[in-house]
Amino acid sequence: LKYLCIVPNMFYTAMYDAVFKSVFCKEENKDLLKRLIETSLHEEVEIIDIKPPEMLKQSIYEKNKTLDVLIKCKDKIINLEINSGFYSGLHRRNAGYIFTKYGKDVKKGQNYQTMNEYIQINFTAGLNKDMPILGTYKLADKNNDLLFIDNLTIYEYNMNRIHELKGKENNFLKMLNASQKDLGKLSKGDELMEKFKEEVENLNEDPLFQDWMTEEEDAIKVRNTLMLEAEQLGLERGQKEKSLEIAKNML
């Protein structure tokens with residue numbers, strides 16, 4: 001006997017880089033981005049400019065040390081990072097992005113006292129359950145909490161624990177990695193969250209978007225498989241770099 005197995009299309013949440021940018025980087029969705037930042041920082045912001053440098057790239061994984069989404073507010077530069085998985089070097093990579101931007105502005109600024117405040121908000125999946133739901137990180141003396149730099153802060157939301165947050169005001173954050181069913185529950189009665197729900201669902205119903213995301217998934221699996229094989233075989237550094245180069249070429 002032969003059986004026909006029909007597998008439903010995967011539902012891509014906003015924790016996928018392409019979905020996040022497609023929803024939040026559109027000019028007509030600036031109200032959604034404003035809501036997300038304000039919910040994340042617990043303060044009001046006025047968005048002046050949005051710079052999504054990767055929007056037109058053929059592959060969302062060709063980062064080349066570019067920021068995910070950069071936002072200019074009145075006196076703040078805010079970088080949003082979507083991390084769909086965690087690995088040992090992730091925090092160093094993310095920090096490198098915001099430090100690079102900070103360093104460039106140090107060089108071109110009129111003086112150090114009038115610099116903007118720099119903020120990076122990481123939405124990270126795959127963190128250990130012992131990591132806080134929201135971690136707040138600054139350069140400070142570990143013994144007495146004296147700040148070394150007062151205008152640079154990194155916030156990280158542990159998306160594996162985001163469901164533990166209490167209060168309706170945090171529902172928007174929970175929607176970033178919510179299933180289609182939960183999107184409906186979380187957005188009910190809130191106009192902006194309903195708008196976000198529709199944007200994500202419309203993307204998932206687009207056949208071209210589904211096909212493109214499937215190709216991206218395949219590319220990720222090829223890359224991860226090659227990296228895992230290199231680690232398991234205990235290859236020397238030069239051989240490992242060769243395998244990584246092959247993975248990059250395939251992507």
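The basis for the numbers below is simple: all heavy atoms, side chains too, and nothing from hydrogens, waters or symmetry mates.
Between the side chains of N94 and N83, a donor-acceptor pair is found at a separation under 3.5 Å. Side-chain contact, N79 with Q120: a donor N or O sits under 3.5 Å from an acceptor N or O.
A donor-acceptor pair under 3.5 Å is formed between the side chain of N160 and the backbone N or O of G126. A donor-acceptor contact shorter than 3.5 Å is absent between the side chain of Q210 and the backbone of E205. Checking side-chain atoms of K174 against main-chain N and O of D182 turns up no donor-acceptor pair under 3.5 Å. The backbone N or O of M131 sits less than 3.5 Å from a side-chain atom of R161, completing a donor-acceptor pair. Looking at N177, its side chain does come within 3.5 Å of a backbone N or O of M159 through a donor-acceptor pair.
Between L36 and the options I121, L192, L173, V69, a side chain to side chain contact (heavy atoms under 4.5 Å, CB included) holds for only L173. Of the options K34, R35, E199, a side chain to side chain contact (heavy atoms under 4.5 Å, CB included) to N29 is made by E199 and by none of the others.
With rounding to the nearest 0.5 Å, the separation of CD in E27 from CD1 in I47 is 9.5 Å.
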With salt bridge (Lys or Arg N to Asp or Glu O under 4.0 Å) as the test, would you mind laying out the steps for D31 and K195 before giving the verdict? CA-CA 10 Å; D31 53 349; K195 179 180 178 180; 3.0 Å; yes
Stepwise, does the side-chain contact (heavy atoms from CB on, under 4.5 Å) test hold for V45 with I71? CA-CA 10 Å; V45 296; I71 301 103; over 6 Å; no
Derivation of the side-chain contact (heavy atoms from CB on, under 4.5 Å) call for V200 and M175: CA-CA 10 Å; V200 174; M175 291 180 73; over 6 Å; no
Apply side-chain contact (heavy atoms from CB on, under 4.5 Å) to residues Y97 and R93 and explain how you reach the verdict. CA-CA 7 Å; Y97 295 165; R93 188 202 73 172; 3.3 Å; yes
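At least one side-chain heavy atom of L33 sits less than 4.5 Å from a side-chain heavy atom of L80. The side-chain heavy atoms of F172 and L32, taken from C-beta on, include a pair separated by under 4.5 Å. Taking 4.5 Å as the limit, some side-chain heavy atom of M15 sits within range of a side-chain heavy atom of I82.
The aromatic ring centres of F24 and F196 sit less than 6.0 Å apart.
Within 6.0 Å of atom OH in Y87, more than 12 heavy atoms from other residues, nucleotides or ligands are found, so the atom counts as buried in its surroundings. The number of heavy atoms from other shown groups lying within 6.0 Å of CD (E191) does not exceed 12. At most 12 non-hydrogen atoms from other residues, nucleotides or ligands lie less than 6.0 angstrom from NZ of K188.
Using the six-membered ring where Trp is involved, Y157 and F123 have ring planes that are parallel, under 30° apart on the 30 and 60° scheme.
Transitive grouping of hydrophobic side chains (ILVMFWY, heavy atoms separated by less than 4.5 Å) brings M193 and L165 into a common cluster. F11 and L203 fall within the same hydrophobic cluster, where Ile, Leu, Val, Met, Phe, Trp and Tyr residues are linked whenever their side-chain heavy atoms come under 4.5 Å apart, directly or through other members.
Between G85 and L90, the closest heavy-atom pair is O-CD2, 3.7 Å. Contact record, S84 with A125: O-CB, 3.6 Å, taken as the closest heavy-atom pair.
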